[in-house]
Every structure is written in structure tokens, then in C-alpha cells.
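One structure below.
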2 protein chains.
Amino acid sequence: MNAVATKPPPENDLNERLAHSGLRLTPQRQQVHEVLREKMDHPTADQVFLRAKNKMPEISMATVYNCLDALVKCGMVRQVTLDRGATRFCPNMQDHSHFYCDECGSVYDILQTISPADAGIRLPRGFRLKNIETNLHGLCPDCAAKAK
Amino acid sequence: MNAVATKPPPENDLNERLAHSGLRLTPQRQQVHEVLREKMDHPTADQVFLRAKNKMPEISMATVYNCLDALVKCGMVRQVTLDRGATRFCPNMQDHSHFYCDECGSVYDILQTISPADAGIRLPRGFRLKNIETNLHGLCPDCAAKAK
DNA sequence: TCAAGATTTAGAATTATTCTAAATAGACGG
DNA sequence: CCGTCTATTTAGAATAATTCTAAATCTTGA
Ligand SMILES: [Mn+2]
Ligand SMILES: [Mn+2]
Ligand SMILES: [Zn+2]
Ligand SMILES: [Zn+2]
């Protein structure tokens, strides 16, 4: 699953994946996606809006939400909800989990996931599992150092 | 860790745990906690408010938020954030994960046989892990049946 | 009994997200 | 190219979720 390198360059992917979901590739969707890939710090919709405005000053907040929803729907972006604050967005579609610093709120990709089997999870009859989300909570290196 | 049965009855626990965090046991906190234990369907703050009002008509929304925060802080309640909607609350402090039905939004407790901490996540140097949260997404039995 | 501090409360304020309706863009058939 | 059709974008209003504020109330413990 990991050994065969048939993955097309991610940019083509965007076009195709949108099409596959009956969605068009628009400058705005492209821009929002680029913003996410540029700095993979899991920004909120609001932060995406501010960053996208630099290259595309006319873009609106509603469009950013629309684009993010489109990108999530077609599987190019993941939604990350970690606390009561705004939802964050992640363009890394590799299997990974998120480390959330309870102190400063920063989010890190952790390239390791727990399979349900490893976690000892057994679903009762009838449930249909689609995907698993693992969120690690604690202190980031900076905050851990300060805490000492 | 699991074998020694020194756990006091959960109601005493509430008093003690609050005290341990420098918080008082108040009728409102008790009521909010009771509401959560009565129907463990992971209600939102709003739903907790409505249910609590039945026995305690003067309780306010602000108090419900305050109480929920207090209960979370002292470790009697878990916060569950699953999508862009309102945060949900869970009074089950056993090690378990949550199944979220993407179709109808219902949430189920899924018991784990192995603590995820033991499942072998390896963090880069410097990170201090406090706890792991596992969210399962898919279809609940009802929705899975309808989907066929 | 009193002072200090914690908690509750109503309502205002803020933040996050969704909705609405009109304008625009772009694909497609002719 | 032209006109039509539909998807998308847009501004702003509306709604939903949460937090804040300041005053009232309660509790605790000198
Ligand atoms: Mn990520
Ligand atoms: Mn639960
Ligand atoms: Zn941090
Ligand atoms: Zn369902």
C-alpha cells in the first residue's frame, strides 16, 4: 500500500478529485488549497481567508467556507476539530494523527496512527466504520520546556 | 491499574474531585452532572441546559457552561468535539472512544480493551503526551441498515 | 457577625458558521 | 462567437455557539 509509487503529482489530483465529485476547479478553490499547502499549520477558516486575500484580494469569507467544504468533500483536505474553537483544516491526506498542545493551541502532524485492532476496539454489530481519527493531547516541545 | 478495586462510589467522587481542584460542590454542578449521567447520549450544552431546567428551573445557560467547565476541569466529564457543531459532553470517564454517525449525528461509547497509550505511539522528542482521543466515523446500525 | 472569595445569573458581546439572493463566470451546443 | 444554463462567488444578514461582564447571592471561616 505504501511501496507502490503510482501517486500522481498532487496538483493534477486537485482537478481530478474535484471533477470526480462533480465539482469544478476554480481559481478560488485552487488558491485555498495552495494556502493550505504553503503552511501546513492547520489554520482556521478565518486564517485561510486572511492568507488567501494576499494573492486574491476579492475573495470572500463565504467563498473560503465554500471552498474548504468542496475540498473536504472531494477528499483533498481534512477537517480537524480539537476543542471548542474554530475548526482547523489540513491538506495532508496521508494517514496521520494530530497532536494538539493544550497550552498554546498549536497542532502538529504525527505520522503514526493506531489501527482499531491495536487500540483494542471492537465495534458492536451493525456499525459501519468509515475512518478513524486520533487526536493526541498534551504539551508541544516549547510549552513542555517552559512548564519545567 | 485496573485490577485493584479502590474506586469509591461515583457520587462521593464528585464532591472529592471538585474539592481536589479547589472547586465547591454546588446544587447546580450536582444537577448538571446528574443530567449527564441520566442519559448518556452526549448532549450539547444547550441540551444539558434544557434538561437541567426541569428539576431546577432557575438555572441559567451561563451556569451550565460554568458547571460543565468545572466538571471537565476536575476530571468528572469529558468534552467531545466531533464536527463543526456544538461540543458534546460525556460523563463516562472509563477509557473509551466515540463512534460518530456521519448520517444522523448520534454518538456512541465504544469500549476499548487496550488503553490507546499502550498502543505504541511514538512521539518526536520534546512532546509531552497527556491523553489520546479516538473518534470513529461511520454509520450507526440504524443508518447503515437504511443505506442498504 | 462580617469579610473574602466563589458561584450564579441575565444579558450583552463576541466568535464561528450558515444562509440568502443577486452577480458573475465558465462550459456547452449551435 | 453567441446565448443559455448552471455552478460558483459574493456581500451581507442571520443564526448558532460560546464567552464575557458586572451585579446579586451564597459559603466559608475568622
Ligand atoms: Mn494534519
Ligand atoms: Mn462517551
Ligand atoms: Zn504549545
Ligand atoms: Zn445514524
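Reminder, nothing fancy here: chain letters follow the sequence lines and each chain counts from 1. All heavy atoms count here, side chains included; hydrogens, waters and symmetry mates do not.
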Nearest-angstrom distance from the residue atom CZ of Phe89(A) to C1' of dA16(C): 11 Å
Minimum heavy-atom distance between Thr81(B) and Glu133(B), given as atom pair plus value: O-OE2, 4.3 Å
Considering only heavy side-chain atoms of Ala45(A), the closest of dT17(C), dT7(C), dT18(D) is dT17(C)
Measure CD1/Ile59(A) against P/dT9(D) and give the value in whole Å, please. 8 Å
What is the distance from NZ of Lys53(A) to C1' of dT9(D), rounded to the nearest Å? 15 Å
Among dT7(C), dT10(D), dT9(C), the one nearest Asn66(A) by side-chain distance: dT10(D)
Looking at the side chain of Arg24(B), which of dT17(C), dT7(C), dT8(C) is the nearest nucleotide? dT7(C)
Closer than 4.0 Å, any side-chain N/O of Gln28(B) to the OP1 or OP2 of dC26(D)? no
Regarding Thr63(B), tell me which of base, sugar-phosphate or nothing describes its non-hydrogen contacts under 4.0 Å with the strands shown. base
Whole-Å distance between dA16(C) C1' and Phe49(A) CZ? 14 Å
Arg51(A) with Asp41(A): basic N within carboxylate O range, under 4.0 Å: yes
Rounded off to whole Å, could you give me the CG-to-P distance for the Leu18(B) and dT8(C) pair? 10 Å
NA contact type, Asp46(B), heavy-atom cut-off 4.0 Å: base, sugar-phosphate, or nothing? nothing
In whole angstroms, the gap separating P of dT17(C) from CZ of Arg84(A) amounts to 15 Å
Looking at Ser60(A), I'd like to know whether one of its side-chain N or O atoms comes within less than 4.0 Å of OP1 or OP2 on dG12(D). no
Closest non-hydrogen atoms of Phe49(A) and Met61(A), given as atom of the first, atom of the second and distance, are CE1-N, 3.4 Å
Heavy atoms only, 4.0 Å cut-off, all strands: where does Thr44(A) land among base, sugar-phosphate and nothing? nothing
Over how many whole Å does the gap from Met56(B) atom CE to dT8(C) atom P extend? 9 Å
Measuring from the side chain of Thr26(B) (C-beta onward, heavy atoms only), which nucleotide among dT10(D), dT8(C), dT18(C) has the closest atom? dT8(C)
Nucleotide dA27(C), atom C1' - distance to CG of Leu25(A) in whole Å: 14 Å
State, without any angle test, whether Asp102(B) and His137(B) hold a side-chain donor-acceptor pair at a distance under 3.5 Å. yes
Looking for any heavy atom pair under 4.0 Å, which part of the strands does Ala62(A) touch: base, sugar-phosphate only, or nothing? base
Start at the 5' end of DNA chain D and walk down; is the nucleotide closest to Met61(B) or to Pro27(B) reached first? Met61(B)
Does Lys73(A) reach the side chain of Leu18(A), with side-chain heavy atoms less than 4.5 Å apart? no
Does OP1 or OP2 of dA16(C) have a side-chain N or O of Thr87(A) closer than 4.0 Å? no
